[in-house]
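Reviewing the structure listed below.
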Amino acid sequence: MEHKERVFSGVQPTGNLHLGNYLGAIKRFVDLQKDHDCLYCVVDLHAITVWQEPAELTRNIREVAAAFIAAGIDPEQQIIFNQSQVSGHAELAWIFNCVARMGWLNRMTQFKEKAGKHRENASVGLFAYPNLMAADILLYRATHVPVGEDQKQHLELARDIAQKFNNDFSDSIEKAGFADGFFPLPEPLIAGPATRVMSLRNGSEKMSKSAASDMSRINLTDDADTIARKVKKAKTDPDALPSEVEGLEGRPEAANLVGIYAALADIEVGEVLKQFGGAGFGTFKPALVELAVERLAPISGEMKRLVGEAGEIDRILNQGADRAREIANPIMSKVRQIVGFIGD
Ligand code: AQP
């Protein structure tokens, strides 16, 4: 089977899509489509590892698909789909549940953070989440995975799973005609000035959908006034901005806002500081608001329009799932043969 370079990534439909999701992931998805074959997935099976109210889940699935399209992903050229429509994700995840080791998953910091003190009460799915993520990527034998910094550890685990599968089944993989292992080891694509966008209220916490305070994040659906209010209230320190990147050390809130500006403007942090070095936040914040509104308003407008056209979104997702299945089915069929199952 010929293996072409392929990009896979996903976003959970858990509501409150924010600037971190956009700059760390979705904006990069758009850039990558120029020279890659891409699959962008609304990962609804991941979402239900914590409770989701069903009607809200349905709305959120459509909202993430709308965000992909509104941000500029072309659903005709690339594949936009939702995970639960392609059964191979769950099937391969089960096989990976039997490849990955408990000790590997016990080291996952995201599970520790999300389960917190209530570990015994967390779903089994939340614990096994990284195995499903490995399945998402490897079901398409994808080689490149654009994600935010927070997903780095999960990507490393996906590589470990691919490697162990290739080793455990090496004889059978060779018999199936693959000389160099079956799964590629996927590369994380984590780069740019906004791989970890921080909360507007606390520069040491990640901007996140589940943070209690809506003031901590800029949502992709926020209007211009809301963006202005949130940036104006964002925590900062009393000093002026430095002229050199090193001057941001020990100033997490300043570094965060400058990083956001750089990512939105598609320039380096150093260039932002050349422009604003010596200026106070009284000058910088209004410039940031202006840029954020300029970049986000068209996306949020288009998202709202698309969300109002549920039939059109569902058509795109159905068509995407058909195309995803076309890639996944032959790969899954080989996996069954390699593992030793009897079937097609
Ligand atoms: N703050 C962030 N900065 C940069 N990238 C981020 N991502 C998430 N937060 C940031 C990236 O967005 C993509 C989709 O994330 P997800 O929805 O699958 O899950 P998540 O990482 O759990 O997102 P949240 O917002 O942090 O949700 P909660 O609050 O539920 O934990 C991923 O590529 C992620 O790296």
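Numbering of ligands and ligand atoms starts at 1, following listing order.
Remark: R141 qualifies as a cation-pi partner of F182 under the 6.0 Å distance and 45° angle criteria applied to the six-membered ring.
Every residue two or more places apart in sequence or in another chain was checked for a salt bridge (Lys or Arg N to Asp or Glu O under 4.0 Å) with D223, and none qualifies. Residues meeting the ring pair (Phe, Tyr, Trp, His ring centres under 6.0 Å) test with Y40, sequence neighbours left out: F29.
Each of G10, V11, Q12, H18, G20, N21, G24, A25, K114, V147, G148, D150, Q151, A194, T195, R196, V197, K206, M207, S208, K209, S210 has a non-hydrogen atom positioned under 4.0 Å from some atom of ligand 1.
Checked for salt-bridge contact, R101 and D160 miss the test: no charged N lies under 4.0 Å from a carboxylate O.
For the atom pair CZ of F96 and CG of L139, the computed distance is 8.5 Å after rounding to the nearest 0.5 Å.
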Side-chain donor-acceptor contacts of residues 270-291 below 3.5 Å, not counting sequence neighbours, with atom names and distances?
| unit_1 | atom_1 | unit_2 | atom_2 | d |
| --- | --- | --- | --- | --- |
| K285 | NZ | V231 | O | 3.3 |
| K285 | NZ | K232 | O | 2.9 |
| K285 | NZ | A234 | O | 2.8 |

